[in-house]
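Quick notes on the structure that follows.
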Amino acid sequence: MLKSEVYQRMIKKQGEMSKSQKKIAGYLLKHTETGPFLTASKLAKLTDVGEATVVRFAVSMGYSGYPELQRALQSALQMKMTSAEMFAQTMPSITEPTNPLAELVQGDITNLQLTFSQIDQQVFDEAVEEIIKAKRIYILAYRSAVSLGKFLNFYLDLVLQNTELIEQADGMSEHLLDIKEGDLVIAFGFARYTKRTIEALNYVKQKKVKTIVITDHPLSPLVTYGDLNFHTSTEINSFIDSFTAPMCLVNALITAVTRNEHIKVEKRLQELEKLWDTFDIFYN
């Protein structure tokens, strides 16, 4: 991604930049997945410069203004890096001191802040309502996103008893055979996106099934198929994605659903406690 023209311009012109412009360039070069979707005022705030400085920075890069720069940054996101390329890109130099724990914790703090700022409370409330009223819930999660899908599936099915996780691409057709209007699909997908996720979403939309998509940015190919979309920041200085922010969203959805259905959930948990005691599940 950093090989794209917009980022190469920033790298080549760093020697000519003012201190404030270097702050902007440094931030955009580091946050290549989230930076392209920041408004000029938000970028100014995050880099501690004036909004006019952001506009001047865009012009100094050869663009007519910030909107054109932003479009160039977003276009660069469409370039896919392999895992090996990402790993090489994020490896520090031999002489560079590193503290991965501090570095990645700080990265996740930023991810959480950006994710929270991007979530519309009304969309969140609508998602909770769709989960509650769904006849059956199907969770689509492949590859590393399975970790998120399993967690959501465990708790929703524990209390709602109508949830199914689809994690094996080969068995997708059998799982979706009986899906119908009134059901709900919750799909997870992060770059690099799997074809099976797109195919499954395309199929269920033809069946007029409601969909909730949890992905990493507005240019994600999953967004087209989502009735409700959540963009969660996953970018850290590593070849892996960080799921701290999407997991936080999952926690919030589970909590909101169970609070709205508290009478049903409390009765269900009381019954489960008796069963767990009978089978001596937990260590005393």
Side-chain angles (χ1 to χ4, degrees), residues 1-2 7 10-11 14 19-20 22-39 41-49 54 73 76-77 80-121 124 141-155 188-193 213-220 222 229-256:
M1 186 182 299
L2 291 179
Y7 291 111
M10 292 184 204
I11 293 168
Q14 279 186 327
K19 186 176 179 181
S20 294
K22 285 180 179 178
K23 282 185 178 181
I24 298 168
Y27 187 92
L28 292 174
L29 287 164
K30 184 176 180 181
H31 301 91
T32 54
E33 288 192 8
T34 54
F37 304 101
L38 297 173
T39 63
S41 60
K42 184 69 175 179
L43 179 57
K45 185 176 180 181
L46 288 169
T47 53
D48 196 27
V49 302
V54 172
L73 292 168
L77 268 178
K80 300 294 189 295
M81 294 181 80
T82 66
S83 296
E85 288 171 336
M86 183 64 77
F87 181 73
Q89 186 68 52
T90 57
M91 278 295 292
S93 66
I94 296 173
T95 58
E96 184 181 353
T98 63
N99 183 343
L101 177 60
E103 178 187 347
L104 298 190
V105 166
Q106 187 56 54
D108 271 335
I109 290 172
T110 301
N111 284 336
L112 287 166
Q113 291 171 334
L114 285 170
T115 298
F116 181 69
S117 70
Q118 294 174 131
I119 290 178
D120 186 324
Q121 184 63 48
F124 179 86
Y142 297 138
R143 298 178 68 81
S144 60
V146 168
S147 56
L148 295 164
K150 283 189 173 182
F151 189 85
L152 179 60
N153 178 70
F154 177 84
Y155 282 104
F188 293 90
F190 308 92
R192 306 157 73 194
Y193 313 98
V213 162
I214 299 174
T215 187
D216 47 0
H217 54 71
L219 284 182
S220 163
L222 278 69
N229 288 293
F230 293 102
H231 309 138
T232 58
S233 181
T234 61
E235 185 175 303
I236 52 173
N237 192 33
S238 175
F239 80 102
I240 63 172
D241 286 325
S242 168
F243 286 159
T244 300
M247 180 60 83
C248 183
L249 174 62
V250 166
N251 288 338
L253 287 170
I254 294 168
T255 300

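All of these numbers come straight from a predicted model, not from anything done at the bench.
By the 4.5 Å heavy-atom criterion applied to side chains, Y27 and L38 are counted as neighbours. Counting heavy atoms from C-beta outward, I254 and L152 have side chains that approach closer than 4.5 Å. For the pair L43 and K23, the minimum side-chain heavy-atom distance is 4.5 Å or more.
Between the side chain of T32 and the backbone N or O of L28, no donor-acceptor pair lies under 3.5 Å. Side-chain atoms of T232 come within 3.5 Å of backbone N or O of T215 as a donor-acceptor pair.
When every heavy atom of P246 is checked against every heavy atom of S233, the shortest pair comes out as CD-O, 4.2 Å. Contact between Q14 and K22 at its shortest, heavy atoms only, is O-CE, 3.1 Å.
The aromatic rings of F230 and F124 sit perpendicular to each other, their planes meeting at more than 60°, with 30° as the lower class boundary.
In this structure, CG on D108 lies 9.5 Å from OG1 on T115, to the nearest 0.5 angstrom. Distance check, rounded to the nearest 0.5 Å: OG1 of T34 to NE2 of H31 gives 5.5 Å.
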Could you go through the side-chain contact (heavy atoms from CB on, under 4.5 Å) check for S147 and M247 one step at a time? CA-CA 9 Å; S147 56; M247 180 60 83; 5.9 Å; no
Test F190 against F243 for ring pair (Phe, Tyr, Trp, His ring centres under 6.0 Å), laying out the working first. CA-CA 10 Å; F190 308 92; F243 286 159; 5.0 Å; yes
Mind running side chain to side chain donor-acceptor pair (under 3.5 Å) on D216 and Y193 for me, showing each step along the way? CA-CA 10 Å; D216 47 0; Y193 313 98; 2.7 Å; yes
Before you tell me yes or no, could you show the steps for N111 and T244 under side chain to side chain donor-acceptor pair (under 3.5 Å), namely the whole-Å CA-CA distance, both residues' side-chain angles and the distance that decides it to 0.1 Å? CA-CA 8 Å; N111 284 336; T244 300; over 6 Å; no
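Within 6.0 Å of atom OH in Y155, 12 or fewer heavy atoms from other residues, nucleotides or ligands are found, so the atom counts as exposed in its surroundings.
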